[in-house]
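Data block below; observations after.
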2 protein chains.
Amino acid sequence: MATGRTHRPATRSRGIPEATVARLPLYLRALTGLSERSVPTVSSEELAAAAGVNSAKLRKDFSYLGSYGTRGVGYDVEYLVYQISRELGLTQDWPVVIVGIGNLGAALANYGGFASRGFRVAALIDADPAMAGKPVAGIPVQHSDDLEKIISENGVSIGVIATPAGAAQPVCDRLVAAGVTSILNFAPTVLSVPEGVDVRKVDLSIELQILAFHEQRKAGEDAAAAEAADVVAPVVRGGAAVDRKGPDGDMPAVMPA
Amino acid sequence: MATGRTHRPATRSRGIPEATVARLPLYLRALTGLSERSVPTVSSEELAAAAGVNSAKLRKDFSYLGSYGTRGVGYDVEYLVYQISRELGLTQDWPVVIVGIGNLGAALANYGGFASRGFRVAALIDADPAMAGKPVAGIPVQHSDDLEKIISENGVSIGVIATPAGAAQPVCDRLVAAGVTSILNFAPTVLSVPEGVDVRKVDLSIELQILAFHEQRKAGEDAAAAEAADVVAPVVRGGAAVDRKGPDGDMPAVMPA
DNA sequence: CCATCTTTGTGCACGCGTTCACAAAGACAT
DNA sequence: ATGTCTTTGTGAACGCGTGCACAAAGATGG
């Protein structure tokens, strides 16, 4: 994951564990799919498989929200969609600003996943005067001079930072000072924020490095194994993927997004 | 943190805890910054501040790699950069393919962070014949018919999926069958892969939903607090950020860059 | 060579998160 | 009504990750 994680240390908000909160969107997505196919109810086992998690974990997660299931039957899909949406705060409108309209910022502005769940791109902001007025994804880019005004006029509380690393902290400071209390940071920098402000980071480079670590580890093991079996058979790299195995085998390396 | 994390459950690879592996890139980035400023040594306290973590945690993390510090002095910056790079497998070249050259895929191709650390974009692949041959970020897009050939000819073991959700699983299957064993997935889907293949996911929508949850919670608390203090003072939204304080309450998450 | 001071490396305790396993609850058929 | 069968909800045990606090190690100065 994208780095996901990193933020509120261990403060369990309103009794719901942070780990559970992080999985709710996953369940919601799976449920939405079922809803579109008009499936009326679903068991914890089925839903868990669709979300790529353990069924016991799913049941415990839901138990934090309340008892929304019916024993012997399962969960009502529509009802659960509503409950989770409400719990996540998706029943209300969240205006979002994106700061830094470069390659990534523009891609984010165009990303459909934003609008799909109550998030509305209220404004695009960039420091380059040449960008001002130019429409990206149908929204005119505004100059960062007006950042404070844009935030307050639109009642924005969530900001997305897609600037170069050097500009991220200053931008973050201005966002926070203007009233933003949640930040999604794509810049490869550690942001410093006052208490009460949530920051989540997404760092492609870090994700790749983590993959590289495991990749190297696998290669090392392969080499060792190959060396041992060298006399017998040549090294086989990239064997075909046959035994498609559930995301949960023991542990799933699966992921949603 | 985007999403960061979610993947290998609890398998500690080669004795190094997964949580530690996830922080190594953070340390590496901080150290690179120090290196560029020609700082010779750094204490765990300083480096921890720069990486936004607890100093005890940092020391414990490094202890898994070996004893690379000098008591009374700290850590040698250059030496540590090398050790971490080696541990992460960044001393070798990692050819990467990006599948799905839409808005996001193109942004990723243009992203400088890729090349910066041993990752090389070996090829861009898209299913749209109209894209074939068109250069993106200086690299000609190739058609997905040639996916298997491209993977094997370039010895690619890491793939990035930036396709629409519906295409992700089929693409994933082909990548894995062709020899890819690590996947970074940007598509909003749970991928099913055979054992031995690592998948990390980055999902903007999920990150935003998690932020929305906390945002809603904060709003609720504010409302309650405001209600209580209502007679005394009006609600103040977005007070200025004065006491720059680490996100951790206890320890400062400071940052350079 | 000894004393002092700084900083690492780690033993230990604590808490969150995961998983198992089962009792309770309800649906459904007879 | 009663019994059976399915599936939830959760008590309890376990393991990983975190942070404290300190002893050991080494540098530095006299």
Side-chain angles (χ1 to χ4, degrees), chain A residues 4-24 26-27 40-49 51-77 79-80 83 247-252, chain B residues 4-24 26-27 40-49 51-77 79-80 83 246-253:
Chain A
R5 26 247 85 160
T6 312
H7 358 74
R8 13 197 66 244
T11 318
R12 111 172 6 188
S13 335
R14 147 83 192 295
I16 300 181
E18 189 62 26
T20 295
V21 172
R23 281 188 294 267
L24 291 181
L26 235 53
Y27 301 143
T41 62
V42 65
S43 72
S44 64
E45 204 68 50
E46 295 166 329
L47 185 54
V53 303
N54 182 296
S55 70
K57 194 187 293 184
L58 177 142
R59 285 197 301 274
K60 180 146 289 191
D61 283 342
F62 285 175
S63 77
Y64 291 115
L65 308 185
S67 291
Y68 296 147
T70 304
R71 298 177 189 227
V73 176
Y75 300 90
D76 182 278
V77 172
Y79 186 58
L80 204 46
Q83 289 300 341
D248 252 345
D250 256 321
M251 105 328 107
Chain B
R5 28 242 44 218
T6 310
H7 354 75
R8 11 193 71 244
T11 319
R12 106 173 8 188
S13 336
R14 164 52 208 300
I16 300 181
E18 190 60 27
T20 294
V21 172
R23 280 188 294 268
L24 290 180
L26 233 51
Y27 301 145
T41 62
V42 65
S43 71
S44 65
E45 202 69 49
E46 295 166 330
L47 184 55
V53 302
N54 182 296
S55 70
K57 195 187 295 184
L58 178 144
R59 287 198 299 277
K60 183 149 291 191
D61 283 342
F62 286 174
S63 78
Y64 291 115
L65 309 184
S67 289
Y68 295 147
T70 305
R71 299 180 189 224
V73 176
Y75 299 91
D76 182 278
V77 173
Y79 186 59
L80 204 46
Q83 289 298 342
D248 256 345
D250 250 334
M251 56 113 317

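When reading the values below, keep in mind they use all heavy atoms of this one structure, side chains included, and skip hydrogens, waters and symmetry mates. Letters A, B, ... mirror the listed sequences (proteins, then strands); counts begin at 1. Note that the coordinates shown come from a computational prediction; the quantities given were computed from them, not determined experimentally.
Of the candidates D/dC20, D/dT18, C/dT19, C/dT19 carries the atom nearest the A/Lys57 side chain, counting heavy atoms from C-beta on.
No close placement of the A/Tyr68 and A/Phe62 rings is indicated, their centers lying 6.0 Å or farther apart.
Going from atom CG of B/Asp61 over to atom C1' of D/dG19 covers 12 Å, rounded to whole Å. Going from atom CG of A/Leu58 over to atom P of C/dT19 covers 12 Å, rounded to whole Å. The CD-C1' distance, from A/Glu18 to D/dT18, rounds to 16 Å in whole Å.
Distance CZ/A/Arg59 to CG/A/Asn54: 8.0 Å, rounded to 0.5 Å. Here the CG-OH distance, from A/Leu58 to A/Tyr27, works out to 4.5 Å after rounding to the nearest 0.5 Å.
Between B/Ala48 and B/Ser55, the shortest heavy-atom distance links the atoms CB-CA, 3.5 Å. Scanning both residues, B/Thr41 and B/Asp76, for their nearest heavy atoms gives CG2-CA, 4.2 Å. For the pair B/Gly15 and B/Tyr64, the tightest heavy-atom approach, listed with the atom from each and the gap, is O-CD2, 4.0 Å. A/Ser44 and A/Tyr75 make their closest contact through CB-CE1, 4.0 Å (heavy atoms, listed as atom of the first residue, atom of the second, distance).
Remark on the helix from C/dC1-D/dG30 to C/dT30-D/dA1: inter-end axis angle 10°, axes from five-pair C1' superpositions, rounded to 10°.
Residues that satisfy the salt bridge (charged side-chain N to carboxylate O under 4.0 Å, His left out) test with B/Arg23, not counting sequence neighbours, are B/Asp61.
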Contact state string [nucleotides 6-14 of chain D, B base, S sugar-phosphate only, - no protein heavy atom under 4.0 Å]: BBBBBBB--
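Look at A/Asn54 and you won't find any side-chain N or O under 4.0 angstrom from OP1 or OP2 of C/dG17.
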